[in-house]
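Report on the following structure.
In what follows, chains carry the letters A, B, and so on, assigned in the order in which the sequence lines appear, proteins first and then strands, with residues in each chain numbered from 1.
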There are 4 protein chains.
Amino acid sequence: MVDQGEEPPVEPPSEPIDKPRRRRKEARPQEIIAAGLAEFAERGFAATRLEDVAARAGVVKGTIYRYFDSKETLFEAALSSGVGPAFESLPDIVADHDGSTFDLLRLLVVRLYETLFLPEVELLARIIISEGHRFPAVAELYHRILIGKGRDILRRIIERGLARGELSPSPLSATPEVLIGPVVMAIVWNTTFDRLDPIEPKRFLEAHLDLLEKALGRNG
Amino acid sequence: MVDQGEEPPVEPPSEPIDKPRRRRKEARPQEIIAAGLAEFAERGFAATRLEDVAARAGVVKGTIYRYFDSKETLFEAALSSGVGPAFESLPDIVADHDGSTFDLLRLLVVRLYETLFLPEVELLARIIISEGHRFPAVAELYHRILIGKGRDILRRIIERGLARGELSPSPLSATPEVLIGPVVMAIVWNTTFDRLDPIEPKRFLEAHLDLLEKALGRNG
Amino acid sequence: MVDQGEEPPVEPPSEPIDKPRRRRKEARPQEIIAAGLAEFAERGFAATRLEDVAARAGVVKGTIYRYFDSKETLFEAALSSGVGPAFESLPDIVADHDGSTFDLLRLLVVRLYETLFLPEVELLARIIISEGHRFPAVAELYHRILIGKGRDILRRIIERGLARGELSPSPLSATPEVLIGPVVMAIVWNTTFDRLDPIEPKRFLEAHLDLLEKALGRNG
Amino acid sequence: MVDQGEEPPVEPPSEPIDKPRRRRKEARPQEIIAAGLAEFAERGFAATRLEDVAARAGVVKGTIYRYFDSKETLFEAALSSGVGPAFESLPDIVADHDGSTFDLLRLLVVRLYETLFLPEVELLARIIISEGHRFPAVAELYHRILIGKGRDILRRIIERGLARGELSPSPLSATPEVLIGPVVMAIVWNTTFDRLDPIEPKRFLEAHLDLLEKALGRNG
DNA sequence: CATGAATGAGTCTTCATTCAT
DNA sequence: GATGAATGAAGACTCATTCAT
């Protein structure tokens with residue numbers, strides 16, 4: 001997932017043998033997007049220079065315009081590119097599972113840590129956190145994703161818990177987003193203070209799970 | 001609290017009443033800083049035009065340079081300006097208090113919600129979240145503040161709880177930052193999705209306290 | 001001579017005749033330099049506007065920055081551009097010559113008048129005289145040239161004269177630069193008073209040679 | 001001559017004793033002019049900042065405008081200020097003198113070296129050389145001075161020499177300015193190369209006189 | 001008179017975007 | 001398609017000049 005990475009210098013050996021040039025060309029847009037993602041995450045939208053994106057993608061500034069109408073178009077393309085892969089695998093964990101509510105939450109939370117700290121996803125996260133406010137379309141896209149894939153699952157877990165009698169109605173069950181607050185904090189902390197005092201995701205995850213277990217009970 | 005931000009709180013009471021102009025002059029840097037804060041929070045550092053900052057402050061572009069050497073200098077001044085007021089009142093709550101660990105945490109968390117959702121502080125928060133990564137000096141400043149004032153209190157609350165036997169060593173007590181994760185999430189969420197789906201701080205606070213109470217016990 | 005200044009003297013004779021645009025592009029930097037030289041000579045470095053340089057070169061302000069990093073870079077490029085051509089042909093006149101010292105000096109001085117009053121060289125001279133003091137790099141460049149090519153020849157002429165017994169040691173032979181003082185005066189005079197009361201180089205040259213002849217003797 | 005110098009920090013002891021303040025104020029324009037002279041010589045007209053002139057004069061930028069209408073007005077005032085003193089003492093040397101032509105020339109040339117290398121006069125010279133071309137009024141002023149006081153004397157010396165039979169008509173006697181070329185060269189050289197390779201006026205003067213003597217004969 | 005805050009026109013420099021080759 | 005030269009609209013910053021105190 002999201003593995004289009006930075007530069008695939010080794011051409012896929014499984015394919016015939018010709019088309020090394022062809023291959024390259026078809027990959028162009030992806031390479032430009034990957035370069036854009038990296039630059040936008042590093043400098044922010046306004047401070048990113050297309051010249052640098054081009055250099056990182058190994059092309060020339062003008063070439064970007066063959067694939068994207070404008071800097072903004074590239075920006076939105078870059079932000080859309082990783083959305084699917086990044087959050088795709090979440091939904092089905094609730095449906096067929098018969099553990100406790102805590103078990104389900106643990107599954108969700110562990111998955112969140114695994115996903116959100118992937119290098120590519122961190123880039124995305126940094127951009128959304130930095131620029132989301134300035135780009136309504138971006139905010140809306142991610143809001144839809146996070147609601148659709150994330151918040152929704154959370155609510156379904158809670159509803160299931162209530163239905164099974166493992167939980168009882170409370171302010172917490174009414175606003176279950178609170179339960180994943182720590183992982184958001186970890187992401188944001190690492191976005192800003194990564195150079196000074198980075199959070200160790202593993203350690204944070206353990207404490208997070210400890211908190212959930214204490215609050216819900218191992219079987220609650 | 002924190003409202004001393006904009007205007008020097010001590011006005012010269014000895015002087016007559018005239019000198020509206022004089023008054024104005026002394027306030028200039030503060031007015032420019034306030035305008036800068038608003039613009040930087042709205043558009044980010046790179047996309048903010050000094051022209052707009054000036055207009056908002058009711059002066060002309062060149063005037064900014066009487067007080068600040070460069071756009072960057074103004075940026076840093078703006079970010080430093082609210083630091084003290086915003087976090088000053090936190091420290092002393094632990095020292096003389098004889099409630100349970102949960103009571104103390106509740107005090108801290110309530111205070112955090114009260115402070116962080118003040119309009120001025122929200123501006124600061126947005127800027128730090130958006131630009132902190134690009135401005136090491138800013139990141140360092142706030143890291144120092146947050147560590148010194150925030151994390152420190154948290155750790156002292158935990159230590160006190162351990163000493164009083166209300167808590168026992170666990171992953172959570174080793175990484176107590178997790179406990180305030182939800183408030184960070186709320187801030188960040190509102191920073192990005194304020195226009196689409198804002199979080200109601202009060203409701204979030206209740207759920208947050210509910211979580212803490214469930215996890216620590218009312219007396220734990 | 002020295003007229004290769006503006007345009008690369010060797011035009012590609014092999015190519016057809018079209019490509020007027022291509023032709024243009026390769027010449028751009030030279031055109032900008034020529035325009036810069038003219039403007040800098042007319043107004044001085046500080047008062048020259050890149051906008052005017054661009055207009056004179058038939059391009060747009062931004063284009064200058066494709067070739068030169070800054071106004072200062074262009075300035076230095078312009079001053080370096082003409083150095084070689086302007087002083088290149090001097091050196092070899094001493095080596096193989098069997099006339100008297102005066103004959104040699106006459107050759108040198110005539111050549112100096114011919115060279116220094118060429119329109120392009122006058123521009124250079126004006127800039128060096130005006131701005132040399134403010135641009136150490138420029139001063140050093142021309143000092144090296146003038147010493148290497150000019151002063152050196154002068155000294156060799158004198159040494160040759162001493163060796164041949166045409167001259168005898170004296171304050172003048174110790175400081176032979178004095179011998180070319182008049183031509184420097186003529187240049188400077190014309191730089192400043194060209195509009196009021198220009199010096200006629202030819203008349204000045206005659207008087208200068210008259211002075212040298214009287215001082216050294218036709219055969220001395 | 002030209003002794004208004006840079007900063008007269010010691011108040012004239014011959015005057016009474018009071019009025020130290022009064023004195024200061026009356027001297028203001030002169031102090032500003034002196035400061036302007038120094039700055040204009042150092043940086044040229046366009047690059048000189050009135051702020052720096054003010055600082056050097058120990059006043060505030062606005063104060064300059066109490067005495068001078070504009071930067072240009074100050075410039076012209078500064079350039080006029082030293083003219084009289086600098087060239088005043090030249091004229092009378094020809095009238096009553098009964099030495100040879102060479103003797104007279106020697107007097108003139110020695111006086112030129114003495115005058116032109118005075119620190120204050122060097123400042124003036126540098127400015128005229130640098131900016132004269134851009135300021136017709138300045139060029140005209142100095143042209144009048146130099147013609148009136150300098151060239152004129154030279155011509156009278158030559159005429160006297162012709163009349164006395166010490167000289168005979170020649171290109172040199174028709175263009176006697178050539179005779180003082182070396183001193184101009186020395187000034188210009190020192191203006192540009194003062195930091196790299198300054199000319200020693202004394203040594204140059206000796207060689208210059210040697211040249212004149214050789215050309216005219218001690219008694220010619 | 002002097003101050004110094006304020007102004008605003010001007011200039012360098014950057015960079016997204018276009019376009020001929 | 002790709003290139004890279006050229007464009008032109010901004011925007012940061014400077015500084016001569018003005019003006020209220």
**Study point:** Between CG on residue C/Leu79 and CG on residue C/Leu141, distance to nearest 0.5 Å
**Key:** 8.0 Å
Check your understanding: When the ring centroid of B/Phe135 is compared with that of B/Phe45, is the distance short of 6.0 Å?
Key -> yes
Review point. Under 4.0 Å between a side-chain N or O of C/Tyr67 and OP1 or OP2 of F/dA5?
Key: no
Revision key, fill the gap. With the side chain defined as heavy atoms from C-beta on, C/Val59 is closest, among F/dA16, F/dT7, F/dA6, to F/dT7
Point to revise | OP1 or OP2 of E/dT11 under 4.0 Å from side-chain N/O of C/Arg49 | key: yes
Point to revise | Options E/dA5, F/dG4, E/dT13, nucleotide nearest the side-chain atoms of C/Lys61 | key: E/dT13
Check your understanding: Which comes earlier along DNA chain E counting from the 5' end, the contact point of C/Asp69 or that of B/Ile64, where each point is its nearest nucleotide?
Key -> B/Ile64
Practice item. State, to 0.1 Å, how close B/Lys71 and B/Thr48 come at their nearest heavy-atom pair, and which atoms those are. Key: NZ-O, 2.9 Å
Check your understanding: E/dT13 C1' sits how many Å from C/Leu74 CG, rounded?
Key -> 14 Å
Practice item. Using whole Å, report how far CD of C/Glu39 lies from C1' of E/dC12. Key: 16 Å
Review point. Which part of the nucleic acid does D/Thr48 contact within heavy-atom distance under 4.0 Å: base, sugar-phosphate only, or nothing?
Key: sugar-phosphate
Check your understanding: According to a strict under-4.0 Å criterion, is C/Arg28 in side-chain N/O contact with OP1 or OP2 of F/dA5?
Key -> no
Check your understanding: Are any of B/Arg66's side-chain N or O atoms less than 4.0 Å away from OP1 or OP2 of E/dG4?
Key -> no
Point to revise | Rounded distance in Å - CD (C/Glu72) to P (E/dT11) | key: 18 Å
Practice item. Taking only the side-chain nitrogens and oxygens of A/Tyr65, find out if one of them lies under 4.0 Å from OP1 or OP2 of F/dA2. Key: no
Point to revise | From F/dA12, E/dA16, F/dT3, nucleotide with atom closest to A/Thr63 side chain | key: F/dT3
Practice item. With a 3.5 angstrom cut-off on both distances, give the Watson-Crick or G-U wobble partner of E/dT21, or none if there isn't one. Key: F/dA2
Study note, to complete from the structure: When A/Glu39, A/Glu42, A/Glu51, A/Glu31 are each screened for salt bridge (Lys or Arg N to Asp or Glu O under 4.0 Å) with A/Arg56, the one that passes is A/Glu39
Exercise for review: Check the distance between E/dT7's P and B/Glu51's CD and give it to me in whole angstrom.
Suggested key: 12 Å
Exercise for review: Give the nucleotide from the list E/dA6, E/dT17, E/dT13 with an atom nearest to the side chain of C/Ser70.
Suggested key: E/dT13
